Amino acid sequence: QVQLVESGGGLVQAGGSLRLSCTASGGTFSDYAMGWFRQAPGKEREFVAAISRNGRNIYYADSVKGRFTISRDNAKNSVYLQMNNLRPEDTAVYYCDAGLLATSRVDQWYAVWGQGTQVTVSS
């Protein structure tokens with residue numbers, strides 16, 4: 001079983017940037033595809049980005065394409081989400097998760113969410 005810890009959130013103005021980190025322990029990190037998801041109050045958890053085990057396959061939600069970049073460093077057991085040109089609608093708690101394959105389907109992941117990290121974007 002893998003445990004995940006997210007960090008790097010904060011409060012920024014629209015147009016600003018943040019870089020989120022997710023660090024894994026308790027498993028073999030290179031065995032997993034990794035993904036980023038977000039959830040705003042009263043809304044369903046939403047797919048944001050995913051990356052395959054070796055980083056060769058990457059997928060983004062349409063809402064973040066061109067603004068967000070997912071990457072991973074298997075030597076550090078970490079996956080990152082660089083978020084640029086942030087918008088108020090990006091405000092949410094951001095979570096990472098592990099899975100067999102990189103996919104946009106939320107229900108296809110292992111659901112080993114960490115505590116999440118809050119991202120708030122002011123207008």
Side-chain angles (χ1 to χ4, degrees):
Q1 182 68 26
V2 65
Q3 295 83 47
L4 304 174
V5 178
E6 301 93 342
S7 62
L11 193 156
V12 297
Q13 293 183 336
S17 298
L18 286 171
R19 189 176 193 241
L20 307 184
S21 297
C22 170
T23 300
S25 62
T28 303
F29 185 73
S30 59
D31 285 348
Y32 309 117
M34 297 297 297
W36 283 99
F37 306 81
R38 64 189 183 187
Q39 188 167 24
K43 299 183 68 175
E44 296 291 322
R45 191 163 296 190
E46 175 189 20
F47 168 78
V48 176
I51 186 167
S52 61
R53 297 177 182 181
N54 59 12
R56 292 177 180 173
N57 298 325
I58 294 175
Y59 305 96
Y60 297 101
D62 288 343
S63 59
V64 307
K65 285 180 180 177
R67 300 189 298 120
F68 291 9
T69 302
I70 189 171
S71 61
R72 68 188 295 160
D73 186 342
N74 287 351
K76 296 182 178 180
N77 288 356
S78 295
V79 62
Y80 308 98
L81 187 68
Q82 178 67 46
M83 306 185 295
N84 297 327
N85 193 24
L86 283 161
R87 303 167 179 169
E89 53 264 42
D90 296 319
T91 295
V93 178
Y94 283 70
Y95 302 89
C96 60
D97 200 5
L100 178 64
L101 299 172
T103 175
S104 63
R105 291 286 303 273
V106 175
D107 61 353
Q108 296 300 302
W109 295 81
Y110 292 159
V112 289
W113 321 105
Q115 82 288 349
T117 186
Q118 176 71 50
V119 172
T120 302
V121 184
S122 61
S123 60

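Since this is a predicted model, take the numbers as computed values, not measurements.
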Nearest 0.5 angstrom please: Thr91 OG1 to Leu11 CG, how far?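 Atom-to-atom, Thr91:OG1 and Leu11:CG are 8.0 Å apart.
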Rounded distance [0.5 Å steps], SG in Cys96 versus CD1 in Ile51: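 CD1 of Ile51 is found 12.5 Å from SG of Cys96.
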Stepwise, does the side chain to side chain donor-acceptor pair (under 3.5 Å) test hold for Asn74 with Arg72? CA-CA 6 Å; Asn74 287 351; Arg72 68 188 295 160; 2.7 Å; yes
In the single-linkage hydrophobic clustering (I, L, V, M, F, W, Y; side-chain heavy atoms under 4.5 Å), do Tyr80 and Ile58 co-cluster?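 Different hydrophobic clusters.
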Linked, directly or transitively: Leu86 and Tyr60 (ILVMFWY side chains, under 4.5 Å):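 Yes, Leu86 and Tyr60 fall within the same hydrophobic cluster.
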Connecting only ILVMFWY residues whose side-chain heavy atoms lie within less than 4.5 Å of each other, what is the rest of Tyr59's hydrophobic cluster?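 Noted: Tyr59 shares its cluster with Phe37, Phe47, Val93, Tyr95, Val106, Trp109, Trp113.
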Within the structure provided, determine whether Val112 and Gln1 are in side-chain contact (heavy-atom separation under 4.5 Å).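 Sidechains of Gln1 and Val112: in contact.
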Are the side chains of Arg38 and Val64 in contact, using a 4.5 Å heavy-atom criterion?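 Sidechains of Arg38 and Val64: in contact.
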Can I get a per-line list of side-chain donor-acceptor pairs under 3.5 Å for residues 17-35, giving both atom names and the distance, sequence neighbours left out?
residue	atom	partner	partner atom	Å
Ser17	OG	Asn84	OD1	2.9
Thr23	OG1	Ser78	OG	3.2

For the pair Gln115 and Val5, evaluate side chain to side chain contact (heavy atoms under 4.5 Å, CB included) and give the outcome as yes or no after the intermediate values. CA-CA 7 Å; Gln115 82 288 349; Val5 178; 3.9 Å; yes
Looking only at heavy atoms, which two atoms of [X] and [Y] are closest? And how far apart?
X: Ser123; Y: Ala14; answer: CA-CB, 4.4 Å
X: Ser52; Y: Ala102; answer: N-CB, 3.9 Å
X: Thr117; Y: Ser7; answer: OG1-C, 3.9 Å
X: Ala40; Y: Ala92; answer: N-CB, 3.9 Å

Are the side chain of Glu6 and the backbone of Gly114 linked by a donor-acceptor contact shorter than 3.5 Å?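 Judged by distance alone, yes, a pair lies under 3.5 Å.
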Excluding sequence neighbours, so at least two apart, what forms ring-ring contact (aromatic ring centres under 6.0 Å, His included) with Trp36?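 With sequence neighbours excluded, Trp36 shows a ring-ring contact (aromatic ring centres under 6.0 Å, His included) to no residue whatsoever.
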Salt bridge check: are Arg87 and Asp90 linked by an N-O gap of less than 4.0 Å?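 Looking at Arg87 and Asp90, the cut-off is not met.
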Test side chain to side chain contact (heavy atoms under 4.5 Å, CB included) on Glu89 and Ser63 and set out the steps. CA-CA 10 Å; Glu89 53 264 42; Ser63 59; over 6 Å; no
Please determine whether side chain to side chain contact (heavy atoms under 4.5 Å, CB included) holds for the pair Arg53 and Leu100, giving the CA-CA distance in whole Å, both sets of side-chain angles, and the decisive distance to 0.1 Å. CA-CA 9 Å; Arg53 297 177 182 181; Leu100 178 64; 3.3 Å; yes
